[in-house]
Amino acid sequence: MKIASWNVNSLKVRLPHVLDWLKESGVDVVCLQEIKLVDEKFPTADFEEAGYNVAVHGQPTYNGVAIISRYPLEDVKIGLPGDKSDDQARYVEAAISHKSGSIRVASIYLPNGNPVDTDKYPYKLKWMERLRRHAEKMLAKEEAFVLAGDYNVIPQAEDVHDPVAWSDDSLFRLETRHAFRRIVNLGLTDAFRACHAAPHQYTFWDYQGGAWRKNNGIRIDHLLLSPPAADLLKGCAIDKHVREWEKPSDHVPIWCDLDIAA
DNA sequence: ATGCCGGGCGAAGCCCGA
């Protein structure tokens with residue numbers, strides 16, 4: 001079973017890319033971020049025609065996440081627990097049953113946090129702490145799960161083209177990386193790093209300044225696996241060729257292959 | 001390069017992203 005994450009930067013604009021990529025990649029589940037749609041405008045019919053089920057947490061104009069799956073999505077949970085006043089659509093999770101059990105998948109759009117001297121940054125850190133507590137509760141159940149999404153976190157210096165230039169940025173400053181480590185250190189596996197040691201493997205390139213051409217990228221889209229899911233990990237890859245498509249998202253898909261026969 | 005792109009909204013120009 002292949003499970004992917006992709007920040008599409010507007011599903012309205014990127015729907016053809018997503019449908020083409022589903023066909024090309026053969027992934028079973030893709031977690032989307034920044035769909036920028038309300039639930040009512042989600043192109044459910046297009047995905048159903050392609051053979052997929054959907055779970056959506058939409059919002060007007062900004063944010064919005066979804067899960068697209070070949071297999072039925074059960075026990076869908078909308079929103080990250082821990083703050084009822086948080087009205088930003090950044091989290092949806094669902095369970096997928098298969099022959100030998102079930103796996104839970106979450107689509108995460110972690111707040112950007114810039115500029116760091118505004119309330120955006122403490123919101124990011126609080127959101128990360130909420131995610132840590134939620135992951136802790138999920139881990140206690142000892143189930144297979146994948147937390148897939150745009151984390152807006154550069155984990156290490158090898159994951160950015162110019163670490164010095166990014167040192168004070170919300171995505172790379174120490175406090176952010178510490179908060180990310182606190183989540184991973186619960187016992188989660190970064191699927192990409194479990195499969196590849198090579199530095200400078202990116203999932204995002206800015207639209208500006210010829211960033212793609214110069215390979216000025218950052219690795220901020222991650223698949224974090226619970227121990228039972230990590231035991232099933234067969235491979236992981238970043239589909240960077242999608243960044244060459246006409247009018248691309250600034251993020252590309254990342255996927256992992258788990259040894260699950262559905 | 002704290003916005004040079006690109007998208008939303010809405011019909012010009014501001015808000016937002018990383």
Side-chain angles (χ1 to χ4, degrees), chain A residues 5-18 21 31-43 56-66 86-91 107-128 131 148-180 192 200-222 238 240 242-254:
Chain A
S5 179
W6 191 4
N7 179 323
V8 292
N9 185 20
S10 169
L11 185 57
K12 184 181 167 189
V13 173
R14 229 67 64 190
L15 180 62
H17 281 199
V18 176
W21 182 75
C31 296
L32 303 178
Q33 299 88 34
E34 281 207 270
I35 61 171
K36 299 186 179 179
L37 289 174
V38 292
D39 292 10
E40 299 72 42
K41 289 193 177 170
F42 194 85
V56 184
H57 185 198
Q59 169 183 338
T61 312
Y62 306 117
N63 311 317
V65 288
D86 184 3
D87 55 5
Q88 300 189 28
R90 297 179 175 275
Y91 187 92
S107 182
I108 290 168
Y109 179 42
L110 206 145
N112 174 300
N114 278 312
V116 295
D117 58 352
T118 67
D119 55 7
K120 289 172 188 289
Y121 192 60
Y123 172 67
K124 175 178 192 160
L125 291 178
K126 280 177 194 158
W127 208 96
M128 293 180 83
L131 180 61
D150 174 1
Y151 280 76
N152 273 313
V153 174
I154 300 164
Q156 294 185 269
E158 64 191 28
D159 299 313
V160 51
H161 64 281
D162 185 351
V164 174
W166 284 78
S167 58
D168 294 325
D169 191 281
S170 161
L171 278 66
F172 190 55
R173 72 201 315 250
L174 276 175
E175 202 174 356
T176 304
R177 289 152 65 191
H178 286 159
F180 184 71
F192 187 79
H200 312 301
Q201 304 300 303
Y202 307 132
T203 63
F204 169 94
W205 297 261
D206 202 290
Y207 287 119
Q208 302 172 94
W212 168 246
R213 182 174 47 80
K214 294 187 269 191
N215 197 28
N216 289 347
I218 51 180
R219 190 173 74 90
I220 56 172
D221 299 272
H222 307 299
I238 298 167
K240 63 185 287 189
V242 173
R243 192 64 172 74
E244 293 279 12
W245 290 1
E246 196 174 342
K247 283 179 78 71
S249 170
D250 38 9
H251 297 248
V252 296
I254 176 171

**Message:** So Lys124(A), base contact, sugar-phosphate only, or nothing? Heavy-atom distance under 4.0 Å.
**Reply:** nothing

**Item:** Asp250(A) CG to dG3(B) C1', straight-line distance once rounded to whole Å
**Value:** 12 Å

**Asked** Whole Å only: how far is the CD atom of Gln208(A) from the P atom of dG17(B)?
**Response** 14 Å

**Prompt:** In whole angstroms, how far is the P atom of dC16(B) from the CG atom of Asn63(A)?
**Reply:** 11 Å

**Asked** Between His222(A) and Tyr151(A), how do the two ring planes meet: parallel, tilted or perpendicular, split at 30° and 60°?
**Response** tilted

**Asked** For dG6(B), does OP1 or OP2 lie under 4.0 Å from any side-chain N or O of Arg14(A)?
**Response** no

**Message:** On DNA chain B, does the nearest nucleotide to Leu171(A) precede the nearest nucleotide to Lys247(A) from the 5' side, or the other way round? Give the residue.
**Reply:** Lys247(A)

**Message:** Quick check: closest heavy atoms across Asp150(A) and Ser5(A), and the distance to 0.1 Å?
**Reply:** N-OG, 4.2 Å

**Request:** Answer yes or no: does a side-chain N or O of Ser10(A) lie under 4.0 Å from OP1 or OP2 of dG6(B)?
**Result:** no

**Prompt:** Looking for any heavy atom pair under 4.0 Å, which part of the strands does Asn7(A) touch: base, sugar-phosphate only, or nothing?
**Reply:** sugar-phosphate

**Message:** Taking any heavy-atom pair under 4.0 Å as a contact, classify Phe172(A): base, sugar-phosphate, or nothing.
**Reply:** nothing

**Prompt:** When you compare dG10(B) with dC5(B), how far apart are their P atoms, in angstrom units rounded to a whole number?
**Reply:** 25 Å

**Request:** Taking only the side-chain nitrogens and oxygens of Lys36(A), find out if one of them lies under 4.0 Å from OP1 or OP2 of dG17(B).
**Result:** no

**Message:** Classify Asp117(A) by what it touches in the nucleic acid, base, sugar-phosphate, or nothing, heavy-atom distance under 4.0 Å.
**Reply:** nothing

**Asked** Expressed in whole Å, how much space separates the P atoms belonging to dG6(B) and dA11(B)?
**Response** 24 Å

**Prompt:** Given atom CD of Gln33(A) and atom C1' of dG7(B), what is their separation to the nearest angstrom?
**Reply:** 17 Å

**Asked** Looking only at atom P, what distance separates dG17(B) and dA12(B), rounded to whole Å?
**Response** 25 Å

**Asked** Which atoms form the tightest heavy-atom contact between Arg173(A) and Asp168(A), and what is the distance?
**Response** NE-O, 3.9 Å

**Request:** Report the residue (Leu110(A) or Lys41(A)) whose heavy-atom-nearest nucleotide on DNA chain B is the more 5′ of the two.
**Result:** Lys41(A)

**Item:** Candidates dG3(B), dC9(B), dG17(B) - which lies nearest the side chain of Asp206(A)
**Value:** dG3(B)

**Fill in**
Picking from dG17(B), dC15(B), dC9(B), the nucleotide nearest the side-chain atoms of Tyr109(A) would be dG17(B)

**Request:** Measure the distance from CH2 on Trp212(A) to P on dG6(B) and round it to the nearest whole Å.
**Result:** 14 Å

**Request:** Rounded to whole angstrom, note down the P distance from dC14(B) over to dG3(B).
**Result:** 14 Å

**Distance-minimising heavy-atom pair for Lys120(A) and Pro115(A)** = CD-CD, 4.0 Å

**Message:** Please check this pair: side chain of Ser170(A) against backbone of Val116(A), looking for a donor-acceptor N/O pair closer than 3.5 Å.
**Reply:** no

**Request:** Report the distance from atom CG of Leu37(A) to atom C1' of dG8(B), rounded to the nearest whole Å.
**Result:** 11 Å

**Request:** Tell me which nucleotide among dG6(B), dG3(B), dG7(B) gets nearest to the side chain of Val13(A).
**Result:** dG7(B)

**Request:** With P as the reference atom in both, quote the distance from dG8(B) to dT2(B) in angstrom, rounded to an integer.
**Result:** 25 Å

**Request:** Would you confirm whether the ring centroid of Trp21(A) sits within less than 6.0 angstrom of the ring centroid of Trp245(A)?
**Result:** no

**Request:** Could you tell me whether Asn152(A) contacts a base, only the sugar-phosphate backbone, or nothing, with contacts defined as non-hydrogen atoms closer than 4.0 Å?
**Result:** sugar-phosphate

**Request:** Check the distance between dG7(B)'s P and Glu246(A)'s CD and give it to me in whole angstrom.
**Result:** 11 Å

**Request:** Send over the distance from Gln59(A) CD to dC9(B) C1', rounded to a whole Å.
**Result:** 14 Å

